[in-house]
Amino acid sequence: MIAIIDYDAGNIKSVEKAFQFLGEETVLSRDRDEILSADKVVLPGVGSFGDAMTKLKDYHLINTIYDVVDNKTPFLGICLGLQLLFESSDETTGMRGLGILPGEIVKIPDKPGFKIPHIGWNSLDLVNNGRLFEGIDEQSYVYFVHSYYLKAREEQIVKAKTDYVVDIHASVEKDNVFACQFHPEKSGDVGLKILKNFAGLEK
């Protein structure tokens, strides 16, 4: 069973549909016991950092997420879900993130010829042997929608990068915690393979 955390964020339904397409049993939930009993847990997200942290707090989900991570249950953050795992974001100054991973979320700088938000397909540079990317070809294209990007403080947790104005940490992995800035659920066969790799992880 894959629990998808329901905190009113965008893209939850598309993530659920992608896992169901792969034949995975899913549940949308904000119930602590249901989430903690799942084999895998996903934190999707489209929206603003501050609003999302407020919703997680209002639904009493923050300690649930910490317990999922402490229990070594495979955990996947997607897009905003990646950003929330880190300590802070330029999008909402003064608002603390979950702080599960070290690093901060910063605004993509303006540059002539580049549109912000970054919307579209970019290729991945795969590094540090990420388990989500087993069987994925170097320079595979995935779909991004974001105005802010991750600067992880531990280089070794970065498993994929992309270049858009700056060097963007596109995916990270540390122990049982995985996250993608891009949307695997909107990235065609490559994205489905990434989700399948996550679903197949052992605890």
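For reference, positions follow the sequence shown, starting with 1.
- The side-chain heavy atoms of Q139 and D125, taken from C-beta on, include a pair separated by under 4.5 Å.
- N128 places no side-chain N or O within 3.5 Å of a backbone atom of K159 that could act as its donor or acceptor partner.
- With hydrogens and angles disregarded, a donor-acceptor distance shorter than 3.5 Å links the side chain of K40 to the backbone of A199.
- Dense packing is recorded around CD of E138, with more than 12 heavy atoms of other residues, nucleotides or ligands lying under 6.0 Å away.
- One distance of note links CG of L76 with OG of S171; it measures 8.0 Å at 0.5 Å rounding.
- Note that the CZ atom of F133 and the CD1 atom of I194 stand 4.5 Å from one another [nearest 0.5 Å].
- Note that CG of L101 is 11.5 Å distant from CG of L84, once rounded to the nearest 0.5 Å.
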>> Determine whether R30 and D58 satisfy the following criterion, salt bridge (charged side-chain N to carboxylate O under 4.0 Å, His left out), listing intermediate values before the conclusion.
In response: CA-CA 11 Å; R30 59 181 67 128; D58 290 346; over 6 Å; no
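- With sequence neighbours excluded, no residue forms a ring pair (Phe, Tyr, Trp, His ring centres under 6.0 Å) with F86.
- Between Y148 and H146, the shortest heavy-atom contact is O-ND1, 2.8 Å.
- Rounded to the nearest 0.5 Å, atoms NZ (K17) and CG (N11) are 12.0 Å apart.
- Scanning both residues, S14 and K186, for their nearest heavy atoms gives OG-CE, 4.2 Å.
- Residues D6 and Y59 are not in side-chain contact: their nearest non-hydrogen atoms beyond the backbone lie 4.5 Å or more apart.
- Checking side-chain atoms of E16 against main-chain N and O of I4 turns up no donor-acceptor pair under 3.5 Å.
- Residue V145 shares its hydrophobic cluster (ILVMFWY side chains chained together at separations under 4.5 Å) with I119, W121, Y141, Y143.
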> Can you check side chain to side chain contact (heavy atoms under 4.5 Å, CB included) on L124 and S140, steps first, answer last?
Replying inline: CA-CA 6 Å; L124 295 175; S140 289; 5.5 Å; no
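- By the rule that hydrophobic residues join a cluster once side-chain heavy atoms approach within less than 4.5 Å of another member, V177 and L56 end up as members of one cluster.
- Surrounding CZ of F21 are at most 12 heavy atoms belonging to other residues, nucleotides or ligands under 6.0 Å away.
- Taking 4.5 Å as the limit, every side-chain heavy atom of V69 sits out of range of all side-chain heavy atoms of D175.
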>> Run V106 and Y149 through side chain to side chain contact (heavy atoms under 4.5 Å, CB included) and show every step you take.
In response: CA-CA 5 Å; V106 297; Y149 74 101; 3.2 Å; yes
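- Across all non-hydrogen atoms, the minimal contact from G45 to H183 is O-CE1, 4.2 Å.
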> What's the verdict on side chain to side chain donor-acceptor pair (under 3.5 Å) for Q20 and T26, showing C-alpha distance, side-chain angles and the deciding distance?
Replying inline: CA-CA 7 Å; Q20 289 174 345; T26 63; 3.1 Å; yes
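- The line from CG of L22 to CD1 of I2 is 8.0 Å long, rounded to the nearest 0.5 Å.
- Contact detail for R153 and G103: the closest heavy-atom pair is NH1-N, 3.6 Å.
- For the pair T93 (side chain) and D90 (backbone), a donor-acceptor distance under 3.5 Å is absent.
- Within 6.0 Å of atom CG in N129, 12 or fewer heavy atoms from other residues, nucleotides or ligands are found, so the atom counts as exposed in its surroundings.
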> Passes side chain to side chain contact (heavy atoms under 4.5 Å, CB included), F182 versus N122? Steps please.
Replying inline: CA-CA 9 Å; F182 57 89; N122 266 59; over 6 Å; no
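- R32 is listed as a side-chain neighbour of D67, based on a closest heavy-atom distance under 4.5 Å.
- The two residues A160 and V127 have their closest heavy-atom pair at N-CG2, 4.0 Å.
- The pair K161-E155 counts as a salt bridge, with a side-chain nitrogen and a carboxylate oxygen less than 4.0 angstrom apart.
- Side-chain N or O atoms of E91 include one that pairs as donor or acceptor with a backbone N or O of F49 at under 3.5 Å.
- Hydrophobic clustering of Ile, Leu, Val, Met, Phe, Trp and Tyr side chains at less than 4.5 Å, counting indirect connections, keeps L150 apart from F144.
- Using a 4.5 Å heavy-atom cutoff, the side chains of F75 and T73 are not in contact.
- Both V15 and L132 sit in one connected hydrophobic cluster of ILVMFWY residues. Membership requires side-chain heavy atoms under 4.5 Å apart, directly or through other members.
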> Hey, mind stepping through K196 and E134 against salt bridge (charged side-chain N to carboxylate O under 4.0 Å, His left out) and telling me if it holds?
Replying inline: CA-CA 10 Å; K196 188 174 182 180; E134 289 183 12; over 6 Å; no
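- With rounding to the nearest 0.5 Å, the separation of CD1 in I5 from CD1 in I65 is 4.0 Å.
- For the pair Y7 (side chain) and P44 (backbone), a donor-acceptor distance under 3.5 Å is present.
- Counting non-hydrogen atoms of neighbouring residues, nucleotides and ligands closer than 6.0 angstrom, the NZ atom of K107 exceeds 12 such neighbours.
- Ring geometry for F114 versus Y164: interplanar angle over 60°, hence perpendicular rather than tilted (30 to 60°).
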> Should Q181 and C79 be marked as a side chain to side chain contact (heavy atoms under 4.5 Å, CB included) after you check the CA-CA gap, both sets of side-chain angles, and the distance that decides it?
Replying inline: CA-CA 4 Å; Q181 178 61 68; C79 194; 3.6 Å; yes
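- A 4.5 Å side-chain heavy-atom check between V68 and L36 finds at least one atom pair inside the cut-off.
- Taking 4.5 Å as the limit, some side-chain heavy atom of I62 sits within range of a side-chain heavy atom of M53.
- Between F198 and F19, the ring-plane angle classifies as tilted under the 30° and 60° cut-offs.
- With hydrophobic clusters built from ILVMFWY side chains whose heavy atoms lie under 4.5 angstrom apart, F178 shares a cluster with L126.
- In this structure, L85 and A179 approach most closely via the heavy-atom pair CD1-CB, 3.8 Å.
- No single ILVMFWY cluster, assembled from side-chain heavy atoms under 4.5 Å apart, contains both I35 and I12.
- Between L82 and H169 the shortest side-chain heavy-atom distance does not fall below 4.5 Å.
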